Student: 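My structure is below; once you've seen it, I'll send some questions.
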Amino acid sequence: MKILICNDDGIESGGLKTLAERLSVNNDVLVVAPDGNRSACSHTLTVRDSIKITEYGKIKGCKSYAISGSPADCVKIAKHVFGDFVPDVVLSGINKGHNLGSDIMYSGTVAIAYEAAYFGFPAFAFSAFSHDEGDFNEFADISVDILNKLLPFTRGGQIWNVNFPDFGVEIKGKKFTPLGSKVYVDEYVFDGDGKCRLYGVVDDKIPFCDCDVYWNGQGYVTVTPLKYDKSDYEILKNIGEKCIM
């Protein structure tokens, strides 16, 4: 199987290396990742600057390249520059930091999966709760297991958003869940010359809700199906009966 792996933490991230090396044992793996951290870039594309592509070559068993662009650029570069490599699936991660609920709006990790879906590839986004570098081996094992079980039932253009609990937390199981809402207490702090920096603190008071945010906090690996098409078909179906333009 041919697998493209990208991320937004950068080519040096332990989560990326662990997942890529694990999968390279039995698969043909291509890694294209940013040359530095691009977290929270969402679906940014580089259109006004040139993108530098550098062979990395430090991930065992894989062809790997670092680019100066965004996470979504990684998929486009793989598609158009390394076009002879046609992936059966595109993986993103394993990310340092969760992408739960409304986090997906800002996530470069999830944007990779959406870009892959745009090209018609099945895609999986894997994220760990902690932003720290840790031992990703258990998460990589679970990622491979989820990939093997879900890929046969996954059509092109479909996305799975997978989130692991924190390092060291006993994993109670896996749950298919809808997205929840990740609530932050945001504050902009000015640091001189009219500049300010965003500081966000997660609101940990999470009431019960059958969603990824709640169940991940309870020690479960959450698995959420996402769609590239964000159209509201219910409104489209009924709007003609209620509104005349």
Side-chain angles (χ1 to χ4, degrees), residues 1-99 103-104 106-119 121-128 130-137 139-140 143-144 147 159 161-162 164:
M1 180 164 61
K2 290 188 174 182
I3 302 173
L4 171 64
I5 303 181
C6 309
N7 77 349
D8 73 353
D9 288 327
I11 195 79
E12 296 282 351
S13 174
L16 173 77
K17 289 184 177 181
T18 304
L19 182 61
E21 290 182 353
R22 187 66 50 84
L23 285 165
S24 69
V25 174
N26 296 309
N27 302 279
D28 186 4
V29 176
L30 171 66
V31 174
V32 182
D35 57 14
N37 193 301
R38 305 286 194 278
S39 295
C41 282
S42 188
H43 212 134
T44 302
L45 291 177
T46 302
V47 295
R48 295 179 179 85
D49 298 307
S50 298
I51 298 175
K52 183 178 180 179
I53 305 172
T54 306
E55 187 169 2
Y56 182 67
K58 298 180 183 179
I59 303 177
K60 187 170 61 177
C62 310
K63 292 181 179 179
S64 55
Y65 298 87
I67 72 165
S68 61
S70 70
D73 286 331
C74 294
V75 182
K76 279 197 182 297
I77 291 288
K79 167 72 174 175
H80 297 298
V81 176
F82 304 110
D84 57 336
F85 185 93
V86 181
D88 298 295
V89 64
V90 177
L91 309 183
S92 182
I94 302 169
N95 188 62
K96 292 186 292 185
H98 51 71
N99 284 297
D103 289 338
I104 70 165
Y106 311 105
S107 169
T109 302
V110 177
I112 288 166
Y114 272 110
E115 186 68 18
Y118 169 77
F119 288 119
F121 300 123
F124 290 72
F126 296 106
S127 302
S130 175
H131 290 267
D132 298 327
E133 194 75 60
D135 184 354
F136 285 92
N137 283 290
F139 296 160
S143 298
V144 173
L147 175 64
I159 298 165
N161 186 40
V162 180
F164 301 102

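Just so we're clear, the structure is a prediction, and the values are computed from it rather than from any experiment.
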Student: With heavy-atom distances below 4.5 Å as the criterion, would you say the side chains of Asn95 and Asn7 are in contact?
Tutor: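 No, their side chains stay 4.5 Å or more apart.
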Student: Can you sort out the partners of Tyr114 under ring pair (Phe, Tyr, Trp, His ring centres under 6.0 Å), two or more places apart, ordered by chain and number?
Tutor: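 Here no residue qualifies.
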Student: Applying side chain to side chain contact (heavy atoms under 4.5 Å, CB included) between Leu91 and each of Leu4, Leu23, Val29, report the one that passes.
Tutor: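 When side chain to side chain contact (heavy atoms under 4.5 Å, CB included) is applied between Leu91 and each of Leu4, Leu23, Val29, only Leu23 qualifies.
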Student: Has Lys60 got more than 12 heavy atoms of other residues, nucleotides or ligands less than 6.0 Å from its NZ?
Tutor: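 No, the 6.0 Å shell around NZ holds no more than 12 heavy atoms from other groups.
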Student: Tell me, do Leu16 and Asp9 make a side-chain contact under 4.5 Å, heavy atoms counted?
Tutor: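 SC-SC contact between Leu16 and Asp9 ruled out.
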Student: Is a donor on one side and an acceptor on the other found under 3.5 Å between the side chain of Ser64 and the backbone of Gly57?
Tutor: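 Pair found, side chain donor or acceptor close to backbone of Gly57.
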Student: If you take all heavy atoms of Ile94 and Ser143, which pair is closest and at what distance?
Tutor: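 Closest heavy-atom pair between Ile94 and Ser143: CD1-OG, 3.9 Å.
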Student: Keeping Thr18 on the side-chain end and Gly14 on the backbone end, is there a donor-acceptor pair under 3.5 Å?
Tutor: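 Side chain of Thr18 to backbone of Gly14, a donor-acceptor pair under 3.5 Å: yes, one is there.
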Student: Identify the heavy atoms of Pro71 and Ile112 that sit nearest to each other, and give their distance.
Tutor: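 Taking Pro71 first and Ile112 second, the nearest heavy atoms are O-CG1, 3.5 Å.
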Student: Quick one: CZ on Arg22 to NZ on Lys17, what's the gap to the nearest 0.5 Å?
Tutor: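 Spacing of CZ (Arg22) from NZ (Lys17) equals 15.0 Å.
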Student: Find out whether Asp35 and Tyr56 are in side-chain contact, i.e. whether some heavy atom of one side chain is under 4.5 Å from a heavy atom of the other.
Tutor: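 No, too far: nothing below the 4.5 Å cut-off.
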Student: Ignoring hydrogens, what is the shortest heavy-atom contact between Lys96 and Ser13? Give both atom names and the distance.
Tutor: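 Residues Lys96 and Ser13, closest heavy atoms: CE-OG, 4.0 Å.
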Student: Do Phe119 and His80 have side chains that approach each other closer than 4.5 Å (heavy atoms only, starting at C-beta)?
Tutor: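 Phe119 vs His80: side chains touch.
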Student: Run the numbers on Asp8 and Thr109 for side chain to side chain donor-acceptor pair (under 3.5 Å), then give the verdict.
Tutor: CA-CA 6 Å; Asp8 73 353; Thr109 302; 3.3 Å; yes
Student: Look up atom CG in Asp103 and atom OG in Ser127, then write down how far apart they are to the nearest 0.5 Å.
Tutor: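 That separation rounds to 9.0 Å.
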Student: Identify the two heavy atoms, one from Cys62 and one from Ala20, that lie closest to each other, and give their separation to 0.1 Å.
Tutor: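 Here Cys62 and Ala20 meet closest at SG-O, 3.6 Å.
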Student: Drop me the distance from Lys58's NZ to Glu12's CD, to the nearest 0.5 angstrom.
Tutor: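 Answer for the NZ-CD pair, Lys58 versus Glu12, is 5.5 Å.
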Student: To the nearest 0.5 angstrom, please state how far the SG atom of Cys74 sits from the CD atom of Glu115.
Tutor: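 Cys74 SG to Glu115 CD: 10.5 Å, rounded to 0.5 Å.
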Student: Looking at CG of Asp73 and CD1 of Ile51, how far apart are the two atoms once the value is rounded to the nearest 0.5 Å?
Tutor: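 CD1 of Ile51 is found 4.0 Å from CG of Asp73.
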Student: Can you find a pair of side-chain heavy atoms, one from Asn161 and one from Ile104, that are under 4.5 Å apart?
Tutor: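 With C-beta onward as the side chain, the pair touches.
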Student: Would Asp49 and Thr46 count as a side chain to side chain donor-acceptor pair (under 3.5 Å) if you check the C-alpha gap in whole Å, the side-chain angles of each, and the deciding distance to 0.1 Å?
Tutor: CA-CA 6 Å; Asp49 298 307; Thr46 302; over 6 Å; no
Student: Do Phe126 and Leu19 have side chains that approach each other closer than 4.5 Å (heavy atoms only, starting at C-beta)?
Tutor: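 They are in contact (side-chain heavy atoms under 4.5 Å apart), so the answer is yes.
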Student: Grab the two heavy atoms, one from Asp84 and one from Lys2, that are nearest each other, plus how far apart they are.
Tutor: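 Looking at all heavy atoms of both residues, the closest pair is O-NZ, 3.9 Å.
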Student: At their closest point, which heavy atom of Phe82 faces which heavy atom of Ile53, and how far apart are they?
Tutor: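 Closest approach of Phe82 to Ile53: CZ-CG2, 4.2 Å.
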Student: For atom OH of Tyr106, is the number of surrounding heavy atoms from other residues, nucleotides or ligands below 6.0 Å larger than 12?
Tutor: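 Not more than 12 within 6.0 Å, no.
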Student: Got Ser92 and Val110 here, is their nearest side-chain heavy-atom distance under 4.5 Å?
Tutor: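 No - every pair of side-chain heavy atoms lies 4.5 Å or more apart.
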Student: Could you state the interatomic distance from OG (Ser70) to CD1 (Ile77), rounded to the nearest 0.5 Å?
Tutor: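 With rounding to 0.5 Å, OG (Ser70) is 9.0 Å from CD1 (Ile77).
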